[in-house]
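Values reported hereafter were calculated over all heavy atoms of this structure, with side chains retained and with hydrogens, waters and symmetry mates removed. Along the sequence shown, the residues carry numbers beginning at 1.
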Amino acid sequence: MYNMKLNTRTTNLSSNQRRHIVKLVIDWMKINIGEKKSKERTFKYKVIKLGDEYTPAYGCYDPTINTLCVFHNFCPTVKWIIISVLHEYTHYLQNLRYYHDTLKKVGYENHPDELHAGMMEGLYEWVWEDISPLINS
């Protein structure tokens, strides 16, 4: 049994534990928020290290390969893994066809898709309440 908390450092977790948290958050989102039905590509996720040569980020969603990534080396705690998945899964649900056009016009901070994803991050405490028994049992 592991007594994991929101402030548990990700460096204290194994790669399997980090991946398990990501899976539980994705499952929570599928049940409570929804999922896309795509016959073309299976939704995938990865928990990986982002190289030092890249701009720091907690995660990303790549619609071209339908993959959500969490960069564990930039997520210092369990809380930030959860927040990252909430944010990126929201992008997975969005229609990102005109994302870059809008980005050029309004910038990242004012982008409606980013504002929506940022709002979804606030669900992290509810998610934790539901998934922590599954982690700590």
With heavy-atom distances below 4.5 Å as the criterion, would you say the side chains of [X] and [Y] are in contact?
X	Y	value
Leu123	Ile83	no
Ile21	Leu13	yes
Thr90	Tyr61	no
Tyr45	Arg19	yes
Tyr58	Ile81	no
Trp28	Val85	no
Thr77	Leu6	no
Cys75	Val70	yes

Measure the [atom1]-[atom2] distance between [X] and [Y] for me, rounded to the nearest 0.5 Å.
X	Y	atom1	atom2	answer
His87	His116	NE2	NE2	10.5 Å
Glu88	Thr67	CD	OG1	12.0 Å
Asp62	Leu96	CG	CG	10.0 Å
Met120	Leu115	CE	CG	13.5 Å

Q | Residue pair Asn95 / Asp113: nearest heavy atoms and the distance that separates them | A | O-OD2, 4.2 Å
Q: Check Pro112 against Thr102 and note the closest heavy-atom contact, atom names and distance.
A: CD-CG2, 3.8 Å
Q: Mind running side-chain contact (heavy atoms from CB on, under 4.5 Å) on Leu86 and Val25 for me, showing each step along the way?
A: CA-CA 7 Å; Leu86 291 171; Val25 178; 4.2 Å; yes
Q | Stepwise side-chain contact (heavy atoms from CB on, under 4.5 Å) check, Cys69 with Ile48 | A | CA-CA 7 Å; Cys69 293; Ile48 57 176; 4.3 Å; yes
Q) Checking side-chain contact (heavy atoms from CB on, under 4.5 Å) for the pair Glu35/Met29: CA distance, chi angles, key distance, verdict? A) CA-CA 8 Å; Glu35 62 183 307; Met29 289 291 283; over 6 Å; no
Q) What about the rings of Tyr89 and Tyr92, do their centers lie closer together than 6.0 Å? A) yes
(Q) Just by distance, no angles: are the side chains of Asn16 and Ser14 close enough, under 3.5 Å, to form a donor-acceptor pair? (A) no
Q. Regarding Gln94 and His91, is there a side-chain donor-to-acceptor distance under 3.5 Å anywhere?
A. yes
Can [Y] be reached from [X] by stepping across I, L, V, M, F, W or Y side chains whose heavy atoms are under 4.5 Å apart?
X	Y	result
Ile82	Ile26	yes
Trp128	Trp126	yes
Trp80	Leu50	no

(Q) Does Tyr99 form a side-chain hydrogen bond (donor to acceptor under 3.5 Å, both in side chains) with Glu114? I'd like the steps, not just the answer. (A) CA-CA 10 Å; Tyr99 179 91; Glu114 294 301 338; 2.5 Å; yes
Q: Taking atom NZ of Lys36 as the centre, report whether more than 12 heavy atoms of other residues, nucleotides or ligands fall under 6.0 Å from it.
A: yes
Q. CG of Asn7: more than 12 outside heavy atoms within 6.0 angstrom?
A. yes
Q. Between Lys23 and Asp27, is the closest basic N to carboxylate O distance under 4.0 Å?
A. yes
Q: For the pair Asn136 (side chain) and Met4 (backbone), establish whether a donor and an acceptor sit closer than 3.5 Å, ignoring hydrogens and angles.
A: yes
Q: Would you sort out whether Thr10 and Phe74 count as a side-chain contact (heavy atoms from CB on, under 4.5 Å), showing the intermediate values?
A: CA-CA 9 Å; Thr10 56; Phe74 285 103; over 6 Å; no
